[in-house]
Chemist: 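Please read through the structure below; I'll follow up with questions.
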Amino acid sequence: MATATAQATPGPKVNHIGLPIVEYRGGKSTLCAGCGHNAISERIIDAMYEMGVEPERVMKMSGIGCSSKSPAYFMSRSHSFNTVHGRMPSVSTGAILANHTMTTIGVSGDGDTASIGMGQFVHMMRRNLPMIYIIEDNGVYGLTKGQFSATADLGSKLKTGVVNDLSAIDTCALAIQLGATFVGRSFSGDKKQLLSMLKAAIAHKGTVMLDVISPCVTFNDHEGSTKSYKFMQENDEPINEIGFVASFDEIEVDYDSGQIYEVEMHDGSSLRLRKLLPDYDPTDKANAVRTLMESAANDEILTGVFYIDTQKATFIDQLNIVEEPLATLPESLTRPPRAALDTLMAALK
Ligand SMILES: Cc1ncc(C[n+]2csc(CCOP(=O)(O)OP(=O)(O)O)c2C)c(N)n1
Ligand code: SF4
Ligand SMILES: [Mg+2]
């Protein structure tokens with residue numbers, strides 16, 4: 001009798017912690033088809049998978065807006081907090097202080113950050129908390145039907161013909177000036193650049209601020225908009241080509257080091273920035289702000305990693321917080337005994 005040979009079905013491809021990419025996916029998107037925000041969620045899924053981040057060790061934070069709905073569309077196994085409009089920074093600060101051992105990724109919008117949330121945003125940037133802060137920047141309030149936001153460029157036109165007569169806030173220049181330690185701009189349509197930037201962001205210890213131009217196909221993708229797919233395809237000027245080698249990747253050296261600015265990340269990974277703008281030094285803060293201001297005056301949309309500082313102490317270092325998360329410390333440590341209060345009160349007499 002003939003015997004059937006059992007064929008082993010190959011399992012799904014897994015990352016270096018043994019998880020297939022499906023474990024990094026989220027719910028089905030309810031955003032408009034073609035919205036730039038969906039492409040950013042896809043890149044976050046790819047970056048977290050490729051970096052082998054444990055989904056249960058991730059906190060996803062957001063505010064209010066189409067962009068802020070995005071955390072529902074990636075990493076269902078992670079923790080998530082959808083805050084009040086513009087309040088993602090303060091809620092994130094509390095969550096990170098309660099447990100600084102988590103990877104924190106926040107998704108905000110240009111309205112959520114640069115309009116109602118600006119007061120909170122600036123204080124978050126100056127603290128250098130360990131967090132990836134993404135602005136999905138479409139220049140409008142997508143969720144409330146397309147009014148100009150504070151990142152809309154001067155002279156940019158709404159579909160109705162209304163022209164924006166205020167100059168834009170450059171969230172990257174602001175974040176660099178205030179103290180964020182990894183600042184870049186990308187475009188939702190540039191898969192390669194955005195993925196490398198996100199992988200390096202995951203390896204960075206400190207505040208990462210990424211402004212990602214993310215066209216709103218429903219309200220801001222027409223002729224006259226400076227945040228449309230067409231405008232970005234024609235005007236995107238990368239200042240560096242980003243290569244990222246994770247600490248667990250095999251190191252191969254096949255590049256001309258004269259053309260590369262190499263940054264060693266704290267986890268042993270390496271960020272390689274191939275210079276496209278002659279002599280651009282991403283560790284020179286004043287030059288980074290000047291370059292952004294000059295490019296805005298010339299109507300250029302620069303993308304790439306503008307600034308990086310891997311040495312600056314984070315807020316957690318400054319506060320000298322114990323290694324064990326405050327959230328899981330036992331009450332015997334977080335609540336001093338009655339005698340300690342008596343001693344303190346006696347000292348105040
Ligand atoms: C306190 C408060 N004010 C106003 C609103 C109305 N509102 C909801 S989303 C939004 C703007 C969202 O714009 P953005 O952050 O750019 O997100 P997008 O929808 O463009 O992705 C506004 C003004 C609100 N929800 N809460
Ligand atoms: S309205 Fe604009 S921002 Fe909102 S989901 Fe649709 S395309 Fe995206
Ligand atoms: Mg917006």
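Note: hydrogens, waters and symmetry copies are ignored here, and every other heavy atom, side chains too, is used. Just so it is clear, the structure is predicted and the values come from calculations on it, not from any experiment. In each ligand, atom 1 is the first atom listed, and ligand 1 is the first ligand listed. Numbers here simply count residues along the sequence, with the first being 1.
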Chemist: Quick one: does ligand 1 sit under 4.0 Å from the side chain of V84, the backbone, both or neither, non-hydrogen atoms only?
Modeler: neither

Chemist: With a cut-off of 4.0 Å, which atoms of ligand 1 are near a heavy atom of G142?
Modeler: 18 (P), 19 (O), 20 (O)

Chemist: Within a distance under 4.0 Å of any heavy atom of D112, pick out the atoms of ligand 1 and give their elements.
Modeler: 14 (P), 15 (O)

Chemist: With backbone taken as N, CA, C and O and side chain as the heavy atoms from C-beta onward, which portion of T144 lies under 4.0 Å from ligand 1: side chain, backbone, both, or neither?
Modeler: side chain

Chemist: Mind checking whether H37 contacts ligand 1 via backbone (N, CA, C, O), side chain (CB onward), both or neither, at a 4.0 Å heavy-atom cut-off?
Modeler: side chain

Chemist: I'd like to check which ligand 1 atoms, numbered from 1 as shown, lie under 4.0 Å from a non-hydrogen atom of I64.
Modeler: 8 (C), 9 (S), 12 (C), 15 (O), 25 (N)

Chemist: Does the N or O separation between S67 and ligand 1 drop below 3.5 Å for any pair?
Modeler: yes

Chemist: Closer than 4.0 Å to some heavy atom of L143 - which atoms of ligand 1 meet that?
Modeler: 9 (S), 19 (O)

Chemist: When hydrophobic residues are tied together by side-chain contacts of less than 4.5 Å, even through go-betweens, does Y133 share a cluster with L129?
Modeler: yes

Chemist: Looking at K157, I want to see if its NZ is surrounded by more than 12 non-hydrogen atoms of other residues, nucleotides or ligands under 6.0 Å.
Modeler: no

Chemist: Has Q147 got any heavy atom lying under 4.0 angstrom from an atom of ligand 1?
Modeler: no

Chemist: With a cut-off of under 6.0 Å to the ring centre and 45° to the axis, is K28 in cation-pi contact with Y73?
Modeler: no

Chemist: How about CG on D279, more than 12 heavy atoms from neighbouring residues, nucleotides or ligands closer than 6.0 Å, or not?
Modeler: no

Chemist: For Y229 and F187: C-alpha separation, side-chain torsions, deciding distance, then whether side-chain contact (heavy atoms from CB on, under 4.5 Å) applies.
Modeler: CA-CA 9 Å; Y229 281 109; F187 166 43; 3.8 Å; yes

Chemist: Start with the C-alpha gap between S270 and E264, add the side-chain angles, then the distance that decides, and say whether side-chain contact (heavy atoms from CB on, under 4.5 Å) holds.
Modeler: CA-CA 5 Å; S270 151; E264 199 188 316; 5.7 Å; no

Chemist: Restricting to under 2.8 Å, identify the protein N, O or S atoms around atom 8 (Fe) of ligand 2 as residue plus atom.
Modeler: C35 SG

Chemist: Could you check whether any side-chain N or O of D317 sits under 3.5 Å from a backbone N or O of T314, counting only pairs where one atom can act as donor and the other as acceptor?
Modeler: yes

Chemist: Within the 4.0 Å heavy-atom shell around V140, which atoms of ligand 1 are there?
Modeler: 16 (O), 20 (O)

Chemist: What class does the angle between the rings of F248 and H16 fall in, given that below 30° is parallel, 30 to 60° is tilted and above 60° is perpendicular?
Modeler: parallel

Chemist: Is the closest N or O pair between G65 and ligand 1 shorter than 3.5 Å?
Modeler: no

Chemist: Counting only N and O atoms by type, is there a donor-acceptor contact under 3.5 Å from the side chain of S225 to the main-chain atoms of N220?
Modeler: yes

Chemist: Salt bridge between R43 and D46, side-chain N to carboxylate O under 4.0 Å?
Modeler: yes

Chemist: What protein heavy atom lies closest to atom 13 (O) of ligand 1? Include the residue and the distance to one decimal.
Modeler: Y141 CA, 3.4 Å

Chemist: Between D170 and R185, does any NZ, NE, NH1 or NH2 come within less than 4.0 Å of an OD or OE carboxylate oxygen?
Modeler: yes

Chemist: If you draw a 6.0 Å radius around NZ in K230, do more than 12 non-hydrogen atoms from other residues or ligands fall strictly inside?
Modeler: no

Chemist: What atoms in ligand 1 come closer than 4.0 Å to a heavy atom of I116?
Modeler: 1 (C), 3 (N)

Chemist: For atom 14 (P) of ligand 1, what is the closest protein heavy atom, and at what distance to 0.1 Å?
Modeler: G111 N, 3.5 Å

Chemist: Determine, using the 4.5 Å side-chain heavy-atom cutoff (strictly less than), whether L97 and V322 are members of one ILVMFWY cluster.
Modeler: yes

Chemist: At what distance is the nearest protein heavy atom to atom 23 (C) of ligand 1, and which residue and atom is it?
Modeler: H85 NE2, 3.5 Å

